[in-house]
Amino acid sequence: MEGSTIQLSSRQLELLELVKRHAPITGEQLAEYLGVSRPTLRSDLSLLVMLGLLDAKPKVGYFLGNTYRSSGEPLQQFHALKVKEVQGVPVNVPDSLSVHDAVITLFTENADTLLVVNDQKRFVGIVTPKDLLKITLGNTGSAAIPVSMVMTRYPNIVTLMPDDSVMDAIRKMSLHQVDCLPVIMSREEQAADPEVTGWVSKSNIIRMMADFAAAGELEEPE
């Protein structure tokens, strides 16, 4: 597995140092120390929590996370995993599938989101439980509506490519406040209706980070 250096930003390192000195500390207090607004720090704090460098407890504040404590120093690098090494198998459904059958598929496949493909098996959109709930509430005939009528259509969807780094996936999830992202083939090669090759979820990444920490594969900087 190839390795590369992943640098935390100066603000992220400063956040770690503030939490180290003042934990427990709230997001509002951190923003006050840094002279910025609370929303400005949201993506930085989400990233640090996802990496295990910080832990957060509602109504209490932020603490140093297990990854930070186990390494003894803020992590500034870890092995550069690519998305294709951690992606899962997506739950694909045809765009002609009815809303009724989509709901059943969500339960039977224990899926949070369905990836929608056309007749050529190309990625055209996603359907979430929220999408299905909105169309079915108060609409007695909604069960027969095809998912193509309720899905979020590509390219209005945040995606990953197989050779993107896992760090890219973490940043996108934090920035766009989503829990999972579809993996598609190169956008340059398939500008329209790309082939979907996988799915990366926040829970997958958290499990992977926990496994790395337990195995001692996350290295502290020299």
Side-chain angles (χ1 to χ4, degrees), residues 38-39 42-43 45-47 49-50 56 58 81-209:
R38 174 68 178 86
R42 185 172 294 119
S43 62
L45 291 171
S46 296
L47 175 63
V49 170
M50 187 179 294
L81 281 177
K82 294 186 181 297
V83 163
K84 62 187 176 184
E85 298 176 76
V86 302
Q87 69 186 40
V89 178
V91 180
N92 294 344
V93 298
D95 54 8
S96 58
L97 189 74
S98 70
V99 165
H100 174 269
D101 289 340
V103 171
I104 293 175
T105 303
L106 278 173
F107 281 100
T108 57
E109 298 291 339
N110 193 27
D112 294 324
T113 303
L114 301 176
L115 305 193
V116 185
V117 296
N118 61 18
D119 292 340
Q120 290 74 47
K121 307 300 181 184
R122 298 298 187 183
F123 176 59
V124 293
I126 62 172
V127 172
T128 68
K130 184 183 293 186
D131 296 326
L132 299 174
L133 181 62
K134 284 193 297 185
I135 194 66
T136 54
L137 284 177
N139 187 351
T140 57
S142 62
I145 295 175
V147 293
S148 59
M149 299 295 292
V150 301
M151 69 183 183
T152 301
R153 294 182 176 274
Y154 180 81
N156 300 315
I157 298 169
V158 181
T159 60
L160 297 166
M161 291 185 289
D163 285 328
D164 287 343
S165 70
V166 171
M167 196 66 182
D168 289 331
I170 293 172
R171 289 194 183 104
K172 286 186 176 183
M173 287 181 186
S174 297
L175 177 63
H176 297 280
Q177 297 295 299
V178 295
D179 292 334
C180 38
L181 295 170
V183 183
I184 63 173
M185 295 299 290
S186 170
R187 298 183 189 93
E188 290 75 15
E189 295 175 3
Q190 299 177 15
D193 297 340
E195 179 184 352
V196 61
T197 65
W199 186 252
V200 174
S201 70
K202 185 179 292 185
S203 59
N204 290 147
I205 291 177
I206 291 173
R207 282 196 298 269
M208 178 269 295
M209 297 297 293

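Below, all heavy atoms of this structure are taken into account, side chains as well, without hydrogens, waters or symmetry copies.
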Which heavy atom in [X] sits nearest to a heavy atom in [Y], and how many Å separate them?
X: Met161; Y: Val183; value: C-CG1, 3.8 Å
X: Gly198; Y: Pro90; value: CA-CD, 3.7 Å
X: Asn156; Y: Thr152; value: O-CG2, 3.6 Å
X: Val99; Y: Ser142; value: CB-O, 3.5 Å
X: Ser98; Y: Ala143; value: CB-O, 3.3 Å
X: Ala111; Y: Val91; value: CB-CG2, 4.0 Å

Distance, nearest 0.5 Å, that separates [atom1] of [X] from [atom2] of [Y]:
X: His100; Y: Thr105; atom1: NE2; atom2: OG1; value: 10.0 Å
X: Leu47; Y: Met50; atom1: CG; atom2: CE; value: 7.5 Å
X: Asp101; Y: Ser96; atom1: CG; atom2: OG; value: 9.5 Å
X: Leu115; Y: Thr197; atom1: CG; atom2: OG1; value: 10.0 Å
X: Leu181; Y: Ile170; atom1: CG; atom2: CD1; value: 11.0 Å
X: Leu137; Y: Leu132; atom1: CG; atom2: CG; value: 11.0 Å

- Note on the structure: Sorted by chain and number, sequence neighbours left out, salt bridge (charged side-chain N to carboxylate O under 4.0 Å, His left out) with Asp168 holds for Arg171
- Message: The criterion is side chain to side chain donor-acceptor pair (under 3.5 Å); which residues satisfy it with Asp163, sequence neighbours excluded?
- Response: Lys84
Just so I know, are the side chains of [X] and [Y] near enough to count as touching, which here means a heavy-atom distance under 4.5 Å?
X: Val147; Y: Leu114; result: no
X: Asn92; Y: Val196; result: yes
X: Ile135; Y: Ile145; result: yes

- Please identify each residue that fulfils side chain to side chain contact (heavy atoms under 4.5 Å, CB included) with Asn118, with sequence neighbours left out. Asp95, Gln120, Arg122, Val124, Asp193
- Residue among Thr113, Val83, Val89 satisfying side chain to side chain contact (heavy atoms under 4.5 Å, CB included) with Trp199: Thr113
- Please walk me through it: do Val127 and Val93 pass side chain to side chain contact (heavy atoms under 4.5 Å, CB included)? CA-CA 9 Å; Val127 172; Val93 298; 5.9 Å; no
- Backbone of Thr159 reached by a side-chain donor or acceptor of Lys172 within 3.5 Å: yes
